[in-house]
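These notes concern the structure reproduced below.
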Amino acid sequence: MKRVRFAPSPTGNLHIGTLRTALFNWLFAKRYNATYVLRIEDTDKARSKPEYEDNIYEGMDWMEIVEDEGPKKGGKFGPYRQTERIVEGIYQKQLNRLLEEKKAYYCFCTDKDLDAEREEAKQKNRPYIYSRKCLRLNPDEIADKLNSEISRTVKFEVPDTKSLIVSDGVRDDIDFDCSLISDFVLLKSDGNPSYNYSVVVDDALMEITDVIRGEDHISNTPKQLLLFKALGFTPPQYHHLPMILGQDKSKLSKRHGATAVTDYESQGYLSDALYNFLALLGWSPTDTTEIFDRASLSTLFSMDRISKSNAVFDVTKLKWMNGQYIRSLSESALSEKVKPFLDDASNAILAEYSESDVSKIIYSVRDNLALLPDINGYLESFNTSFESFSEKVKGFQFTDSERQVVLDFCKNILEYSDITSENVSKTMDIIVEKNDGKKGKVFKPIRKALIGLERGPNIVEILTLLGRENLSKRASFLNELFSV
RNA sequence: GGCCCUAUCGUCUAGUGGUUAGGACACAUGGUUUUCAUCCAUGCAACCGGAGUUCGAUUCUCCGUAGGGCUACCA
């Protein structure tokens, strides 16, 4: 049984790029029947915040990505929050082994010392490699410093391997020269494990078989592989995903505007659309299909069709896709999705209608929506306010024949005691007939005169929904207006 | 600077040792529609450059170039 993990750090709101990583892990789990683990990497005490962890859960809920194991869900490889694992001494235990086996050592160098070394390397145009000053300390010196207040870290002694091969599920083998890799910190001076260390211990102990993460981790991989080896664990298969870039082709970040997943939710995107869109960013199916529901994506997804090159995040296409998804919603589903996005003016308009008419109204304008809040621009046709209606109508000019058409329609339609769409259609047809079958000569003036707008949804639908009372009121107003 | 990854229309991408290099978004035009939108049709538009291998390279190799990543006691 394969096991994958999504391991975000709660140092900011869940990001579009991070979400894509989660999605690919999730899709992998669905496709290859793997266990999907959520692990919270909160070892950076200064930047990690509970509210960010909550934001991650919120995003996952919205995307309907449900972990099999995680901080909330539990599981037999827990705890799944690194700060809790620290408390349990999990990292310390492994670290002691490394220390005993002399694969790791204490370092007492100050930031100043290290910065100087780095500066020197830079001057000489050499890659920075730690001098290993502290590796040469004798046991007494180490014991002394350990007993003092001097701040210390534990560093990994990087072996001098000339060629370390990283095998990658997405690209070809990558060859690293470890003599170019500096000894790095395993245990930070604040007592917490560093990322490169904790990630290895956790992936090993949680028995992760496949690590699917961003390409920005490629250069970390040799370090992690070395640690796996030093610890005596079997490393997972790595798969490095291409990055998602902003419009300017640099790594997607906050300055590119909306990057938090919750931003998309609040802007009125459907999570189904984002899910579909993100799956296509870095992966492609064998045919030219672009719209997939979650179930088919789970079966079609495959690791061998992941692309190697970075992708620009194109909101325009996401918007289009969102429109596709909006159009595929049922009347009731659309109405549910749209309601939270209605503004005060829209709510005021809709308050005059019954629950089922509200759904019909919303459904009638669905073709105009790319984002859910777009709805607010399309409800004016259904405004029952007589004042607002009469004001607008007064702004229009009508020819004599237009007046005739309108008055004619009003008279005929009001003969029905019940305004149904059939009745409205029938009435329209009669008037059209009288006007040599010219639909435009009938529909346009009727819309202008009875709604006060030049465009909007299907006029028959609007008139039907408006109902007899409103129509009758408007008809008498028009009678008066046109008779002068 | 060093190390690493990548390179097909503006964008997301398919694809091949010989193809009219395919699809989608966007854009343009036309059609459908009472109008906007939707929908449909059509069009515009790409193999980063140079060598090499080969009868033939967009495809394989090398070198450039460009973009991206890493180069932390951040993940």
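Every chain is numbered from 1 and lettered A, B, ... according to where its sequence line falls, protein lines coming before strand lines.
The separation of B:U6 from B:C47, taken at their C1' atoms, amounts to 15 Å, rounded to a whole angstrom. B:G68 and B:G30: their C1' atoms are spaced 42 Å apart (whole Å). Comparing B:C48 with B:U65, their C1' atoms sit 7 Å apart, to the nearest whole Å. Rounded to the nearest Å, the gap between the P atom of B:C60 and that of B:A7 is 9 Å. Using P as the reference atom, B:A21 and B:U58 are 12 Å apart when rounded to the nearest Å. For the C1' atom pair drawn from B:C74 and B:U38, the interatomic distance equals 48 Å after rounding to whole Å. A gap of 16 Å separates the P atoms of B:C12 and B:G67, to the nearest Å. Spacing of C1' atoms, B:C9 relative to B:A24, comes out at 12 Å, to the nearest Å.
Ranking B:G1, B:U6, B:G69 by closeness to the A:Arg171 side chain, first place goes to B:U6. Side chain of A:Asp216, nearest nucleotide from B:C70, B:C3, B:C4: B:C70. Of the candidates B:A75, B:C73, B:C74, the closest approach to any side-chain atom of A:Leu114 belongs to B:C73. Comparing B:A14, B:C12, B:A7 against the side chain of A:Ser284 picks out B:A14 as the nearest. For A:Asp44, counting side-chain heavy atoms from C-beta on, the closest listed nucleotide (B:G69, B:C74, B:C73) is B:C74.
Distances shorter than 4.0 Å separate none of the side-chain N or O atoms of A:Lys438 from OP1 or OP2 on B:U34. Remark: A:Arg118 is in phosphate contact with B:A72, judged by side-chain N or O atoms under 4.0 Å from OP1 or OP2. Look at A:Thr43 and you'll find a side-chain N or O under 4.0 angstrom from OP1 or OP2 of B:A75. Phosphate contact (OP1/OP2 of B:U35, side-chain N/O of A:Lys439, threshold under 4.0 Å): absent. Between A:Arg455 and B:U38, a side-chain N or O to OP1/OP2 separation shorter than 4.0 Å is absent.
For A:Arg31, there are no salt bridge (Lys or Arg N to Asp or Glu O under 4.0 Å) partners two or more places apart in sequence or in a different chain. Residues satisfying the ring pair (Phe, Tyr, Trp, His ring centres under 6.0 Å) test with A:Phe341, not counting sequence neighbours, are none. Every residue two or more places apart in sequence or in another chain that forms a ring pair (Phe, Tyr, Trp, His ring centres under 6.0 Å) with A:His217 is listed here: A:Tyr195. Applying the salt bridge (Lys or Arg N to Asp or Glu O under 4.0 Å) criterion to A:Arg171, with sequence neighbours excluded, gives A:Glu215. A:Arg455 pairs by the salt bridge (Lys or Arg N to Asp or Glu O under 4.0 Å) definition with nothing, not counting sequence neighbours. Scored by the salt bridge (Lys or Arg N to Asp or Glu O under 4.0 Å) test, A:Asp115 finds A:Arg118 as partners (sequence neighbours excluded). When the side chain to side chain donor-acceptor pair (under 3.5 Å) test is applied to A:Lys434, the partners found at least two apart in sequence or on another chain are A:Asp408.
Along RNA chain B, the nucleotide nearest to A:Lys308 and the one nearest to A:Arg152 differ in position, and the one closer to the 5' end is contacted by A:Lys308. If A:Val312 and A:Thr153 are placed on RNA chain B by their nearest nucleotide, the residue sitting closer to the 5' end is A:Val312.
Within a 6.0 Å radius of CG in A:Asp304, more than 12 heavy atoms belonging to other residues, nucleotides or ligands are found. Heavy atoms of other residues, nucleotides or ligands lying less than 6.0 angstrom from CZ of A:Arg126 number 12 at most.
Near-neighbour residues of RNA chain B inside residues 363-381 of chain A, defined by a heavy atom below 4.0 Å, number-ordered: A:Asp367, A:Asn368. For the contact set between residues 187-202 of chain A and RNA chain B, defined by any heavy atom under 4.0 Å, the members are A:Lys188, A:Ser189, A:Tyr195. Residues from residues 156-166 of chain A with heavy atoms under 4.0 angstrom of RNA chain B: there are none.
Across all strands, A:Asp287 comes closer than 4.0 Å to no nucleic acid atom at all (heavy-atom distances). Residue-level contact check: A:Ile459 touches the bases, meaning some heavy atom is under 4.0 Å from a base atom. As judged by a 4.0 angstrom heavy-atom cut-off over every strand, A:Lys319 is placed among residues making no nucleic acid contact. Among the atoms of the strands shown, base atoms are found under 4.0 Å from some heavy atom of A:His217. Residue contacts shown for A:Pro457 include a base, since a base heavy atom lies under 4.0 Å away. Here A:Arg305 lies in heavy-atom contact (under 4.0 Å) with sugar-phosphate atoms only.
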Between protein and nucleotides 22-25 of chain B, what N or O pairs are separated by less than 3.5 Å?
unit_1, atom_1, unit_2, atom_2, d
B:A24, O4', A:Glu290, OE2, 2.6
B:A24, O2', A:Glu290, OE2, 2.5
B:A24, O2', A:Lys317, NZ, 3.3
B:A24, N3, A:Lys317, NZ, 3.1

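If you check B:C3 for Watson-Crick or wobble pairing at under 3.5 angstrom, you find it paired to B:G69. When Watson-Crick and G-U wobble pairs are counted only if both distances are under 3.5 Å, B:A28 pairs with B:U42. Nucleotide B:U34 forms a pair with no other nucleotide shown, judged by Watson-Crick or G-U wobble geometry with both contacts under 3.5 Å. Pairing for B:U20 is absent, judged as Watson-Crick or G-U wobble with the two contacts each under 3.5 Å. With a cut-off of 3.5 Å on both pairing distances, the Watson-Crick or G-U wobble partner of B:C48 is B:G64.
Classification of the A:Phe184-A:Phe156 ring pair by plane angle, with boundaries at 30° and 60°, yields tilted.
A distance-only check finds a donor-acceptor pair linking the side chain of A:Asn322 to the backbone of A:Leu270 [under 3.5 Å]. Proximity of a side-chain donor or acceptor of A:Trp283 to a complementary backbone N or O of A:Phe301 within less than 3.5 Å is not detected. With hydrogens and angles disregarded, a donor-acceptor distance shorter than 3.5 Å links the side chain of A:Arg403 to the backbone of A:Phe398. Here the side chain of A:Ser148 pairs a donor or acceptor atom with the backbone of A:Ile150 at under 3.5 angstrom. No donor-acceptor pair under 3.5 Å is formed between the side chain of A:Ser9 and the backbone N or O of A:Asp42. Of the possible donor and acceptor atoms, one in the side chain of A:Asn458 sits under 3.5 Å from a partner among the backbone N and O of A:Glu461.
A:Asn220 contributes a side-chain N or O that forms a donor-acceptor pair with the base of B:A75 under 3.5 Å. Counting atom types as modelled, A:Arg447 pairs a side-chain N or O with a base atom of B:U34 as donor and acceptor under 3.5 Å.
The distance from atom NZ of A:Lys45 to atom P of B:A75 is 12 Å, rounded to the nearest whole Å. Atom NE2 of A:His15 and atom P of B:A75 are 18 Å apart (whole Å). In this structure, CG of A:Leu463 is placed 14 Å from C1' of B:U35, rounded to the nearest angstrom.
Applying the salt bridge (charged side-chain N to carboxylate O under 4.0 Å, His left out) definition to pairs two or more places apart or across chains, none involves residues 6-25 of chain A.
Annotation: the span from A:Ile431 atom CD1 to A:Phe443 atom CZ amounts to 10.5 Å, rounded to 0.5 Å.
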